[in-house]
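Heads up: the structure comes next, in structure tokens.
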Amino acid sequence: MNTVKNLKIKSGERVLLRADFNVSMDKEKITDDFRIRATLPTINYLRDKGAKVIIMAHLGRPGGKYNQEFSLMPVAERLGELLKIDIKFFEGLEIAEGEIDAMEEGDVALLENLRFDKREKEGSKEFAKELAALGDAYINDAFGVAHREHTSVFALPKEIKRSAAGLLLQKEVETLGEVINNPKKPLSFVMGGAKVDTKLKLVSELFSHVDQFCLGGLIANSIMKFQGMEIGRSWHEDDIEDLIKGVDLSHQKLHMPKDVVVSTEDTGKAPARIIDIKDIKKSDMILDAGPDTISEFSNIIKKAGTVVWNGPLGLIEVEEFARGTRQLARSLVRSKAKIIVGGGDLMSVIDDVEATDSIYFASTGGGAMLEFLAEGTLPALEVLR
């Protein structure tokens with residue numbers, strides 16, 4: 001990949017920076033600015049070079065039309081606080097066209113949510129040309145959407161000759177590349193959460209490469225259902241047979257839950273029980289990993305050389321069902337492994353239990369991280385070659 005330090009940015013140049021500012025929000029207030037902070041080194045590098053930095057990003061899924069709930073204005077305000085400067089906010093391309101020339105060297109501007117235009121998700125060449133007219137160079141620092149063929153990460157760099165990866169994107173690729181090419185052994189994966197198809201594909205692709213797989217959440221539920229076990233009313237995916245071809249589900253490196261936390265509803269208001277997986281009833285919902293499962297997974301992490309963790313083991317939005325993930329996060333403190341974590345939700349749990357210092361690297365993209373590990377590349381990386 002071409003990288004930002006190869007571009008030789010000139011003072012006064014207009015640089016389009018694609019960032020991943022898809023942050024957690026609650027009533028238009030940012031609850032987790034992890035992704036914003038992760039992009040600061042690239043922004044500061046460009047400012048130090050005297051560039052006019054025009055940042056493009058998205059937030060949520062507004063459906064291709066304006067929705068105040070998904071405005072990036074709160075992000076602009078938080079970014080200004082972190083950089084300790086005033087951030088210009090452009091509500092549309094026409095406004096940006098009229099004001100970019102007035103920007104001074106080192107100024108930073110943020111475009112309104114790209115997904116307010118339906119063409120962003122379509123990979124539109126027309127939209128790419130309109131965006132390209134705003135800049136002299138293009139930097140992609142949005143690893144979290146690098147697996148998408150969206151306009152701003154896939155079509156746009158084809159329209160601007162001087163395109164490169166930002167410092168964050170470069171670090172993501174280098175770190176995850178180590179996992180594939182030269183990991184410190186034993187290499188252990190912990191996977192929970194959703195995105196069952198992507199995670200099962202990863203298990204299949206890396207089955208011979210990884211020493212231990214610890215599975216929870218929907219991926220474990222789906223496998224148990226496939227094996228004919230009772231999982232009650234638990235969330236799962238059907239038709240996974242093609243996704244796990246070549247995977248020996250009885251192999252000793254594949255660790256499934258031994259016990260789980262169940263309830264008849266997912267609100268946390270109904271009584272919860274810790275039971276053996278063989279005792280699940282038709283009315284039960286699996287909502288967290290049990291203590292025996294967490295103990296086994298913790299021992300694997302303790303003995304590992306490298307740990308890749310993606311996705312919580314339970315429904316962490318409800319405190320009653322976040323305990324398993326929290327307890328496993330605490331075990332990271334006792335591990336000497338290189339621990340690589342993917343996904344903002346998981347990082348928030350790790351922050352809460354004060355285990356952040358134990359993390360070797362926190363990826364800003366959960367889904368992109370999994371696809372990169374499975375494929376060795378991503379669409380947005382290919383166009384930066």
Side-chain angles (χ1 to χ4, degrees), residues 20-26 29-41 75 78-79 81-82 143-144 168 171-172 175-176 178-179 183-184 186-194 212 214-217 255 257 259-261 268 272 274 287-366 369-370:
D20 181 6
F21 289 164
N22 190 28
V23 297
S24 299
M25 303 280 290
D26 183 17
K29 291 186 178 181
I30 297 171
T31 57
D32 183 0
D33 63 0
F34 165 60
R35 284 175 169 160
I36 301 176
R37 288 183 284 108
T39 311
L40 295 181
V75 174
R78 180 57 182 149
L79 181 61
E81 292 172 358
L82 292 169
F143 181 77
L168 174 60
K171 180 64 175 177
E172 295 265 12
T175 303
L176 297 177
E178 289 178 13
V179 174
K184 182 182 177 183
L187 172 60
S188 299
F189 273 55
V190 180
M191 291 192 290
Q212 306 286 346
C214 300
L215 306 180
H255 302 272
D259 60 343
V260 291
V261 178
I274 300 171
L287 297 166
D288 198 5
D292 290 344
T293 300
I294 297 302
S295 178
E296 180 183 11
F297 289 7
S298 296
N299 286 333
I300 290 170
I301 287 176
K302 184 178 179 180
K303 297 174 183 177
T306 303
V307 175
V308 178
W309 186 0
N310 182 281
L313 301 180
L315 184 64
I316 60 173
E317 294 83 359
V318 179
E319 182 63 30
E320 181 77 18
F321 310 123
R323 294 172 183 170
T325 302
R326 287 178 178 276
Q327 189 60 41
L328 191 61
R330 291 188 183 97
S331 73
L332 302 179
V333 178
R334 300 188 297 273
S335 175
K336 295 181 180 179
K338 278 187 174 182
I339 299 168
I340 299 167
V341 176
D345 290 343
L346 190 53
M347 271 307 302
S348 67
V349 174
I350 291 171
D351 287 340
D352 286 345
V353 300
E354 299 181 350
T356 308
D357 291 343
S358 302
I359 304 302
Y360 174 70
F361 183 73
S363 175
T364 54
M369 181 181 93
L370 294 172

What's the shortest heavy-atom distance between T325 and W309, and which atoms?
O-CH2, 3.7 Å
Non-hydrogen atoms of I350 and A329 that approach each other most closely
CG1-CB, 4.1 Å
Side chain to side chain contact (heavy atoms under 4.5 Å, CB included) partner of L328, chosen from V190, V353, V349:
V190
Can you check whether F143's main-chain N or O pairs, donor with acceptor, with D20's side chain at less than 3.5 Å?
no
Gap between atom CG of L346 and atom CZ of F34 - 0.5 Å precision
10.0 Å
Taking only distance into account, with no hydrogens and no angle test, what donor-acceptor pairs under 3.5 Å do side-chain atoms of residues 317-324 form with protein atoms, sequence neighbours excluded?
none

Search all heavy atoms of M191 against all heavy atoms of L370 and return the closest pair with its distance.
SD-CD2, 4.1 Å
How long is the gap from CD1 on I340 to OG on S363, to the nearest 0.5 Å?
9.0 Å
Nearest-0.5 Å distance that lies between atom CZ in R35 and atom OG in S24
7.5 Å
Under the side-chain contact (heavy atoms from CB on, under 4.5 Å) rule, collect the residues that match up with E178, sequence neighbours excluded.
K338, Y360
Sub-4.5 Å side-chain heavy-atom contact between F21 and T39:
yes
Tell me the closest heavy-atom pair linking V333 and A355, and the distance in Å.
CG2-CB, 3.8 Å
Donor-acceptor check, side chain of S335 to backbone of L332, threshold 3.5 angstrom: yes or no?
no
Tell me which pairs pass side-chain hydrogen bond (donor to acceptor under 3.5 Å, both in side chains) where either residue lies in residues 287-298, with sequence neighbours left out.
H255-E296, D259-T293
What distance do N299 atom CG and Q212 atom CD have between them, rounded to the nearest 0.5 Å?
11.0 Å
Examine distances only and state if a side-chain atom of T306 and a backbone atom of L187 form a donor-acceptor pair shorter than 3.5 Å.
no
Beyond-backbone contact of L168 with L40, side-chain heavy atoms, under 4.5 angstrom:
no
To the closest 0.5 Å, what do you measure between SG (C214) and CD1 (I300)?
3.5 Å
Test side-chain contact (heavy atoms from CB on, under 4.5 Å) on T31 and V23; report intermediate values, then the result.
CA-CA 8 Å; T31 57; V23 297; over 6 Å; no
With sequence neighbours left out, the residues meeting ring-ring contact (aromatic ring centres under 6.0 Å, His included) with F297 are none
Return the set of residues passing salt bridge (charged side-chain N to carboxylate O under 4.0 Å, His left out) with R37 (not counting sequence neighbours), or none when no residue passes.
D33
So, taking the atom named OG in S331 and the one named CD1 in I301, what distance separates them when rounded to the nearest 0.5 Å?
4.0 Å
Scanning both residues in full, the closest heavy-atom pair of G365 with E172 reads N-OE2, 4.4 Å
Identify the two heavy atoms, one from T364 and one from A38, that lie closest to each other, and give their separation to 0.1 Å.
CG2-CB, 3.8 Å
Under a 4.5 Å cut-off applied to non-hydrogen side-chain atoms, are I274 and V260 in contact?
no
Pairing residues for T356 by the side chain to side chain donor-acceptor pair (under 3.5 Å) criterion, not counting sequence neighbours:
D351
Atom CD of residue position E81 - does it have more than 12 heavy atoms of other residues, nucleotides or ligands inside 6.0 Å?
yes
